[in-house]
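The structure appears right after this line, and notes come after that.
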Amino acid sequence: MALLVPLVACTSESPAPATSSGPPGLDRFHQQRLQWTKCDDYATTETESTIMGLVDGLECTRMQVPLSYDDPGVRAIEVAVARRAATGDKLGSLVTNPGGPGGSGVFGAATTILGLVKAKSPVVERFDLVGFDPRGVGSTEPAVDCYTDAEADRGSVPLTTQGTTVQWTEDDTRALVERCAKGSGGSDALAHLGTRDVARDMDVLRVVLGDEKLTFLGQSYGTRLGAVYAEQFPRNVRAMLLDGAIDSRQGTVERRVFAFSGFQAAFDRMAAFCARQAGCPIGRAPKAATAEFQKLVRPLYGKPVPALGGELNFDAAVGGVISGLYTQAAWPRIIKGLSQLKQGRGDELAQLGFDFSGRDAKGAWTNFAEALYAINCMDEDRLSEQQGNELRTAIIKSAPFMDPGIDLTGARDGCEYWPAPPTLGFPYAQNIQGLPRTLVVSITGDPTTPHAGAVRLAESLGSTLLTVRGEGHTIVTAGTNPCVNQAAADYLINLEVPAADATCTL
């Protein structure tokens, strides 16, 4: 039996926990007092450390939660939490999640704070801004660890077949799960990484922070986390803002095809942007851009090109492009990378992939990709090999720029030997009773959580929808759009939602 780990030395102490009438066995977790200290040991890369160091007043702690809520007395784990105190008349805490799954909420809190401070948002005055690394992520203990940084650089431990050319055997998927279990706290830890458990952790956090009701801002995957929390604890919600929303009605197959169709649409818009420039590496005719792109990247399947001291293969090239499609600001980098590819090098496309995954200049990686894989194993539908092959075919049909031009098999589910079945279930967050007014924000040109999915999530939750016209994935924490900034502040502070047909423009 694992015992609760002693709390770290403090520089400040949280207020007394809010009262809670939670399930038996949770009292010791609800009654803990968080001991806050500097965040020096909470960054996992030099990049994270540098950015977190820019936030005045940022402090960190570790909160204890049960590994299993069905048996909370057996084993505890530690969730990393970051906070910056409200600078004015405090309303409570604003808990945030930056997405993924697998994104660090501790690091995400730092970037959120910097964006809102730059925008001079009144949100920073009225709320303690709080982020946490969900179980398995970042500085939470145990964290998911399936391969070394050197293996990550080589791309030698794939974690999925979907959207890639990976072809697995049964031995491959068994060995992958065994490796992850060995480095991640054991099979029991892998079995309790799902969003339903994270939502329960978030309710423990609410209590320990001293908040009677939760005020939450979730982005991308954070909209799934928010929706699941709303389903499980509707009467504990004060306000919930969901930005870059995932449709809670779509199962694994439908949603992944839907998401990749969004990337194809973003690729087409990037190609049209490129076509207006002299020397566009995929041509001046946007309708032919996918075919021109395929001519560039398909040879990489059998013959990678040099890139940043290693090699860039087909999957890494496509992955770099996808990483750049998340924001219009990165389109010139994609174009630069494709121009380099014509010259036989893959540096910029490789760097785009590194940047998205959180690899720093010294070669240290976050565990984003590993945690994403592991959390999805506890959320997503398990697929047979035939279903996996059919899904890969459907993805390539919906996003033909990713087509390698070869026949692929072996699209086995990387979770097929996971120690527990998934726990999320689809659809989720339907017909919730007692949920207060919530707000969904969605960009019309979102490449990975297309706008139509946000419309449907708003319908499922009975939310007000704020439509933002433009390109990009999530906007609220950037602090760059006055229209969005005002709508977010009005809602989070005063619980005032926009008009039903409200729009902003980037």
Side-chain angles (χ1 to χ4, degrees), residues 147 150-173 175-176 256-257 259-261 263-264 266-268 270-271 274 280-283 288-325 333-357 359 369 373 383 385-386 388-414:
Y147 50 74
E151 288 172 321
D153 279 348
R154 295 193 300 270
S156 59
V157 187
L159 298 174
T160 182
T161 57
Q162 301 309 322
T164 72
T165 60
V166 172
Q167 299 181 81
W168 270 334
T169 66
E170 185 176 0
D171 288 343
D172 292 330
T173 58
L176 176 58
R256 289 185 177 175
V257 173
F260 280 104
S261 70
F263 282 120
Q264 180 66 50
F267 177 89
D268 293 340
M270 182 276 298
C274 183
C280 173
I282 48 177
T290 290
E292 293 300 315
F293 177 77
Q294 290 171 345
K295 291 177 185 178
L296 277 177
V297 298
R298 282 180 173 178
L300 302 179
Y301 180 77
K303 190 177 180 181
V305 296
L308 300 178
E311 292 183 329
L312 184 84
N313 61 20
F314 177 87
D315 287 338
V318 171
V321 170
I322 287 176
S323 299
L325 291 175
R333 293 186 63 189
I334 296 175
I335 295 167
K336 177 182 177 182
L338 297 180
S339 296
Q340 286 182 350
L341 204 53
K342 279 195 162 185
Q343 305 303 316
R345 291 205 60 85
D347 301 301
E348 189 66 22
L349 293 183
Q351 190 63 54
L352 277 166
F354 286 171
D355 292 346
F356 184 81
S357 298
R359 180 192 186 271
Y373 156 66
L383 305 179
E385 184 175 2
Q386 178 179 344
N389 287 329
E390 291 170 352
L391 174 55
R392 177 152 60 185
T393 298
I395 286 172
I396 291 173
K397 183 177 180 180
S398 71
F401 81 97
M402 301 169 55
D403 187 351
I406 57 173
D407 291 331
L408 297 170
T409 59
R412 303 186 74 94
D413 193 322

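Every heavy atom of this structure was used, including side-chain atoms; hydrogens, water molecules and symmetry mates were not. All of these numbers come straight from a predicted model, not from anything done at the bench. Here, residue 1 is the first one in the sequence, and each next residue gets the next number.
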* To do: To the nearest 0.5 Å, tell me how far L159 CG sits from L176 CG.
  => 6.0 Å
* Asked: Quick one: does Y301's side chain have a donor or acceptor within less than 3.5 Å of a partner on T165's backbone?
  -> no
* Asked: Does some side-chain heavy atom of L325 sit less than 4.5 Å from a side-chain heavy atom of F267?
  -> yes
* **Taking every non-hydrogen atom, the tightest pair across G353 and S323** => CA-OG, 3.9 Å
* To do: Could you list all the salt bridge (charged side-chain N to carboxylate O under 4.0 Å, His left out) pairs where at least one residue sits in residues 339-351, not counting sequence neighbours?
  => R333-E348, K336-E348, R345-D347
* **Beyond-backbone contact of R392 with I396, side-chain heavy atoms, under 4.5 angstrom** => yes
* Asked: If you take all heavy atoms of V166 and P158, which pair is closest and at what distance?
  -> CG2-CB, 3.6 Å
* Structure fact -> Note: A307 and L312 closest approach over all heavy atoms is CB-CB, 3.8 Å
* Quick one: side chain to side chain donor-acceptor pair (under 3.5 Å) partners of S339, sequence neighbours excluded? -> none
Pairs under 3.5 angstrom only: tabulate donor-acceptor contacts from the side chains of residues 402-409 to other protein residues two or more places apart or in another chain.
unit_1: D403; atom_1: OD1; unit_2: G405; atom_2: N; d: 2.9
unit_1: T409; atom_1: OG1; unit_2: Q167; atom_2: OE1; d: 3.3

* To do: Using modelled atom types only, decide if a donor and an acceptor are shared between the side chain of Q351 and the backbone of G337 within a distance under 3.5 Å.
  => no
* Asked: Just wondering, do R359 and D153 contact through their side chains at under 4.5 Å, heavy atoms?
  -> yes
* Asked: Could you state the interatomic distance from CG (D413) to CD (E385), rounded to the nearest 0.5 Å?
  -> 10.5 Å
* Asked: With distance as the sole test, does S357 use its side chain to make a donor-acceptor pair with the main-chain N or O of F354 at under 3.5 Å?
  -> no
* To do: Check the pair V318, D315 against side chain to side chain contact (heavy atoms under 4.5 Å, CB included), reporting the backbone distance first and the verdict last.
  => CA-CA 5 Å; V318 171; D315 287 338; 5.8 Å; no
* Structure fact -> Heavy atoms of T161 and T164 approach each other most closely as O-OG1, 2.8 Å
* Structure fact -> Tightest non-hydrogen contact, residues L300 and A317, listed as CD1-CB, 3.6 Å
* To do: Run the numbers on F401 and I282 for side chain to side chain contact (heavy atoms under 4.5 Å, CB included), then give the verdict.
  => CA-CA 12 Å; F401 81 97; I282 48 177; over 6 Å; no
* Structure fact -> The reported gap from CZ in R412 to CG in L383 (rounded to nearest 0.5 angstrom) is 12.0 Å
* Asked: Say you draw a straight line from CG of L341 to CD1 of I334; how long is it, rounded to the nearest 0.5 Å?
  -> 13.0 Å
* Asked: Less than 4.5 Å apart, any side-chain heavy atom of L352 and any of L349?
  -> yes
* Between CD1 on residue I395 and CD on residue Q162, distance to nearest 0.5 Å -> 4.5 Å
* R154 and E151, any side-chain heavy atoms less than 4.5 Å apart -> yes
* Would you call Q264 and S398 a side-chain contact if the rule is heavy atoms closer than 4.5 Å? -> no
* Asked: Where do Y147 and A152 come nearest, in terms of heavy atoms and distance?
  -> CE1-CB, 3.5 Å
